[in-house]
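Sequence lines set the chain letters: A, B, ... in the order given, protein chains first and strands last, and positions in each chain run from 1.
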Amino acid sequence: MKTYDYNKIDRKWQKYWAENQTFKADNHSDKPKFYVLDMFPYPSGAGLHVGHPLGYIASDIYARYKRHKGFNVLHPMGYDSFGLPAEQYAIQTGQHPAVTTEQNIKRYREQMDKIGFSFDWSREIRTSDPQYYKWTQWIFLQLFNSWYNNDSNKAESIEALIRIFETGGNADVNAACDADTPVFSADDWLAMSPQQKNNILFKYRLTYLAEAEVNWCPALGTVLANDEVINGVSERGGHPVERKKMKQWMMRITAYAERLLQDLDVLDWTDSLKEMQRNWIGKSTGARITFKIDGNDKTFDVFTTRADTLFGVTFMVMAPEHELVNEITTSDNLEQVQQYQKQAARKSERERMAEVKEKTGVFTGAYALHPLTGDKIPLWISDYVLAGYGTGAIMAVPSGDQRDYEFARQFDIPIINIFEGNDISEKANEDKDAVLTNSGFLNGLPAKEAIPRMIEELEKRGAGKAEVNYRLRDAVFSRQRYWGEPVPIYYKNGVATAIPEKYLPLELPEVEKYLPTEDGQPPLGNAKNWAWDETNEKIVSVDLIDNKSVFPIELNTMPGWAGSSWYFNRYMDPHNDNETFSKEAVDYWQKVDLYLGGSEHATGHLLYSRFWQKFLYDTGRVPQPEYSVKLINQGMILGYSAFAYRINGTNKFVSHGLKDQYETTPVHVDVNMVDDYDYLDTEKFKTWRPDFADAEFIREDGKYKVGREVEKMSKSKYNVVNPDDIVAQYGADTLRMYEMFLGPIEIAKPWNTAGLKGVHNFLRKFWSLFHSDGIFDVSLEEPTEQELRILHKTIKKVTEDIESFSFNTAVSQFMIAVNELSKLKTNKQKILAPLVVLLSPFAPHLAEDLWEELGHDDSIAFETYPKYEERYIKENTKTYPIMINGKMRHKIDLPTNMDKETIEKTVLADEKVQSLLTDKQLKKVIVVPGKIVNLVV
RNA sequence: GCCUCGGUGGCGGAAUUGGUAGACGCGCUGGAUUCAAAAUCCAGUUCCGGCAACGGAGUGUGGGUUCGAUUCCCACCCGAGGUACCA
């Protein structure tokens, strides 16, 4: 007997779609356009896991739905193929990252093909492809050759800036530039050496070189991410790590801070995501106040949002890295200060922010002078002040700020109470409505009125001014890595110089080793051919460097986010060799209409890409200042990690239930060795890794039970589940519908396969409606009212659910419909055909197959897309719950069109209601038409 | 620590946004079918008490607003993501 052969159906239609290029999008069409985009994946060695398809399936459903609705849909896919894991694998195995990346991409493609996505593969892009990164480098050079004009509020060319300098110096230039940019006249400018001019220009360029703090690991000779630093030592090898300043390429994203903030208002993103970006940009309006140092000519600035609390300052704190610390520290305190600096350098930024339970710090021996009273204020250093935020120094007001309060208590620094009726014995008063006292001319005022008065006073004395400060920092754009885009820059006598655009792409050179060089240079320092011959304009051997016509090329590469900051535009015109993308293509597609991706990118990719888009907008390359107005954040599918418990110092593992009897360390075990009941296959475990070959087990009831924990799905946690097995066992349509059924797309949830069977059963039942004894068999009879009701209710609900991205409830709705139709044994074409079309975005393989058997007749499916009819959905009666004091006590069926008064009368006349009301006094009747009747007694 | 989100049966999750909590699915229990099993179908399934009708409790915890709170407000606990070089 013929059955629902999903594997055969999957293969048939996947082949058909590929051969017919069914989903190829055209850049010309009479139909309205719609661009559905997924965040492209990093092709990891672990393969595509079940979390990736969650978003891709959702976007695919929407893309297919939109095609049915008559749109010209662009739905592309590609790979973010530069990244650290491929490089680390290369370091371990010597395999070229390009080779492993290619293998991984092949694997990803096979896996995706099995799920039946409607991607236009003719537009595939890879960020590691020279034909792609050629244009990433090109954009880098455009940024390098631009500055941000705060008056016109956009990026402009550096050539134009030079002309301004030549005629009028920089006094009238209102630019986003470094804080230490000196003021010069046109004559000054003309008198400068090329080197000096270059240094000035770097203070304006949108990509520039600067000293930035990094986690430097001397033993590994490399820079580490905060993630890779644990308790001050490297994750790999446990070597000490220190904070160190290094020359880095930077991106002046802060120039765009205000626009990035303002334009959030036009984005149709979740409020939470916008809030996250808002907080990340962190605009605060306040004041910059300048303090003199006692017995020194130097001054330093602090930023504060509460200038009104200036009279409450009893000490000052500088970040340990602050440039003045070494200069002002008195000899008595030098040793302590230096020791503290060393200690702070060992902590990562995150650790410093996390460890605030007990404040630490040391006194420098120096004093600042209060700008109004002239009082001497002790100057401390502490790691709760971060060098990277504000000015790297604060004025501490212990009565008004909790952190300052704790610090003062810790070190017995006096606290001046500056708020009326305030008790400072327990904590600081951070209430902005509190009224000031002990504050001279500000007495009796709340913060709102006092702040402008204080700023006015400071401006009068030249000791401060109003200032807007952003938490957002310029982005470090250098990576001491191999597997990334080379930076198209060479160093001509120390001056960073652009490699001319026409020689792009500057292709990654071959190296023998992917590790840093012995003298601590980035991996590209190992390249033999990595020098620029300026005369002949080509890449030559480093042996030829003479610094006359042959110069060294930049050794840093670009970060992972470079390639992903503009790829969405490249899909519009992916094979263009002459430019990033044609004006024609971008004018047609404009922007992404629906973007789907994880919320873990909230303050990374989603901010950087907005920044690049705005820059491209300023330079006229794109017509929209935002590329993705509508964004859906799919929640991550989390892994369900499994742990075995190794008894410390042994190779014995104790079962989860007994682990408390021993001193143990949990070890991640591969979830594929664990069954549904959390029992570990100990034999597999022994062969899994060589060091476990002679492992012994302490079991409970003869079995070894693992511990479980929900974590991010990642190869290193051995909790990755691949979708292939599910596709093979149940078919692609089951996987697609199950992932949607799992829960709302935007919520993070752990992967589990319980329930797969239910979705699979649904598809089998649906297939069965069309078949009797395995033979296709549908009836041409007219449907009954009851059948039409089921159909139209389903169309209404599913359509609404798709439009609102509630794919989980849409799947439930299908299940309800099929259950009801099964009970009626419906096999009528006029009911089933529209359902096939409706189901096709979810289960395209099965739907295509049934549609073929139905004869591709659009007229039986309400002409290509089913629409519901209101008359089949309207109910004539409504069951009203009758409540007494909010508790449900009775139900009464009433006509839906009955008005409020009649409902009340009818209900009160009801026998059961009257019996319920005996011995009770009715106080009020609340009638909510269509909803409830509540009797208050 | 800070920012953002979440917490509902044995499990994944519904709930028209202040109006019958637990839709749909899994699992479990009983039944039909079968020599038997699988598969399928039917019924039941929040917990406690009761043969039942029914009664009581119940949406992380503690308070509050309201005729009525999973939903709104306050405080707290727990979990997840991000925290600037993972992508």
Side-chain angles (χ1 to χ4, degrees), chain A residues 39 41-42 44 80 82-85 88 214-215 222-229 248 270-280 282 349-357 384 388 403 471-481 559-561 564 598-605 607-608 633 635-636 638 709-712 714 716 738 741-744 746-750 752-759 761-762 764-765 800 806 808-809 811-816 819 822 879-891 923-926 928 930-937:
Chain A
M39 288 185 189
Y42 172 77
S44 95
D80 190 11
F82 272 132
L84 204 48
Q88 264 157 5
V214 293
N215 300 311
T222 187
V223 174
L224 298 174
N226 278 337
D227 271 20
E228 300 172 294
V229 185
Q248 305 276 315
T270 60
D271 289 338
S272 65
L273 188 64
K274 290 203 266 188
E275 190 62 16
M276 248 191 266
Q277 287 211 347
R278 240 173 241 131
N279 291 332
W280 188 257
E349 224 175 17
R350 202 181 307 169
E351 286 170 324
R352 280 170 59 168
M353 284 186 286
E355 292 169 12
V356 290
K357 281 171 211 143
Y384 82 97
R403 289 162 304 179
R471 205 184 69 103
L472 184 71
R473 314 204 289 250
D474 279 341
V476 179
F477 199 71
S478 294
R479 296 293 181 270
Q480 289 69 42
R481 313 284 186 195
W561 56 266
S564 61
S599 59
E600 69 270 25
H601 298 287
T603 53
H605 162 64
L607 201 58
Y608 296 131
N633 263 135
M636 239 186 284
L638 299 166
E709 216 170 284
V710 174
E711 292 181 294
K712 198 170 165 177
S714 99
S716 63
Y738 182 61
F741 186 60
L742 215 49
E746 62 276 9
I747 299 290
K749 49 206 166 278
N752 82 83
T753 50
L756 253 172
K757 247 177 72 180
V759 172
N761 271 343
F762 156 75
R764 299 239 315 262
K765 271 190 184 174
E800 284 170 0
S806 306
N808 56 329
T809 49
V811 175
S812 291
Q813 207 55 44
F814 276 120
M815 290 179 173
I816 293 167
N819 278 338
S822 292
T879 305
Y880 279 83
I882 309 302
M883 304 176 137
I884 294 176
N885 289 345
K887 293 227 174 200
M888 219 269 287
R889 283 290 179 266
H890 182 45
K891 287 175 194 175
K923 284 186 190 149
K924 197 159 61 161
V925 180
I926 296 162
V928 185
K931 291 188 173 171
I932 54 112
V933 178
N934 192 13
L935 309 172
V936 183
V937 295

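Closest approach to the A:Thr603 side chain among B:rA80, B:rG82, B:rG12 is made by B:rG82 (side chain taken as heavy atoms from C-beta onward). Residue A:Met883 places its side chain closer to B:rG19 than to any other of B:rC24, B:rG19, B:rG6. Here the side chain of A:Met276 is nearest to one of B:rC86, B:rG56, B:rC3, namely B:rC3. Residue A:Asn819 places its side chain closer to B:rG25 than to any other of B:rG6, B:rU83, B:rG25. In the set B:rG12, B:rU20, B:rU40, B:rG12 carries the atom at the smallest distance from any side-chain atom of A:Asn752. Of the candidates B:rU4, B:rA84, B:rC24, the closest approach to any side-chain atom of A:Ser272 belongs to B:rU4. Closest contact between the side chain of A:Asn279 and the listed nucleotides B:rC24, B:rU20, B:rU4 involves B:rU4.
Residue A:Asn226 has a polar side-chain atom (N or O) positioned under 4.0 Å from OP1 or OP2 of B:rA84. Between B:rU40 and A:Lys765, no contact under 4.0 Å exists linking OP1 or OP2 to a side-chain N or O. Put simply, A:Asn761 has no side-chain N or O that comes within less than 4.0 Å of OP1 or OP2 on B:rA39. For A:Asn633 and B:rC5, the shortest distance from a side-chain N or O to OP1 or OP2 is not below 4.0 Å.
B:rG13 takes the anti form, because its glycosidic angle lies more than 90° either side of 0. B:rU45 takes the anti form, because its glycosidic angle lies more than 90° either side of 0.
Comparing A:Leu742 and A:Arg479 against RNA chain B, the residue whose closest nucleotide sits nearer the 5' end is A:Leu742. Comparing A:Leu224 and A:Lys931 by the nucleotide of RNA chain B whose heavy atom lies nearest to each, the residue mapping closer to the 5' end is A:Lys931.
The residue A:Arg481 sits close to a base: some heavy atom pair falls under 4.0 Å. Residue A:Met888 is in base contact, counting any heavy-atom pair closer than 4.0 Å across all strands shown. Counting any heavy atom pair closer than 4.0 Å across all strands shown, A:Ser478 reaches a base atom. If you check every strand for non-hydrogen atoms under 4.0 Å, A:Glu275 touches sugar and phosphate atoms only. As judged by a 4.0 angstrom heavy-atom cut-off over every strand, A:Asn808 is placed among residues touching the sugar-phosphate backbone only. When heavy atoms are screened at a 4.0 angstrom cut-off, A:Trp561 is found touching no nucleic acid atom at all. Residue contacts for A:Ala754: at a heavy-atom cut-off of 4.0 Å it reaches the sugar-phosphate backbone alone, with no base atom in range. Among the heavy atoms of the strands lying under 4.0 Å from A:Tyr42 are primed sugar atoms or P, OP1, OP2 only; no base atom is included. Contact annotation for A:Gln248: base contact, defined as any heavy-atom pair under 4.0 Å involving a base atom. Using a 4.0 Å heavy-atom cutoff across all strands shown, A:Pro41 reaches no nucleic acid atom at all. Among the heavy atoms of the strands lying under 4.0 Å from A:Arg471 is at least one base atom, whether or not backbone atoms are also near. At the heavy-atom level, A:Glu746 lies nowhere under 4.0 Å from the strands shown. Contact annotation for A:Gly83: backbone-only contact, meaning every heavy-atom pair under 4.0 Å involves sugar-phosphate atoms and none involves a base. At the heavy-atom level, A:Leu472 lies under 4.0 Å from base atoms of the strands shown.
With rounding to whole Å, A:Lys749 atom NZ is found 15 Å from B:rG7 atom C1'. Computed from coordinates, the A:Ile816 CD1 to B:rG22 P distance equals 14 Å when rounded to whole Å. One atom, CD of A:Glu600, and another, P of B:rC5, lie 16 Å apart when rounded to the nearest Å. Whole-Å rounding puts the A:Met815 CE to B:rC26 P distance at 7 Å.
When both distances must be under 3.5 Å, the Watson-Crick or G-U wobble mate of B:rG9 does not exist. If you check B:rU16 for Watson-Crick or wobble pairing at under 3.5 angstrom, you find it has no partner at all. B:rA57: Watson-Crick or G-U partner is B:rU46, with both key distances under 3.5 Å.
Atom CZ of A:Arg471 sits in a crowded spot, with more than 12 heavy atoms from other residues, nucleotides or ligands closer than 6.0 Å.
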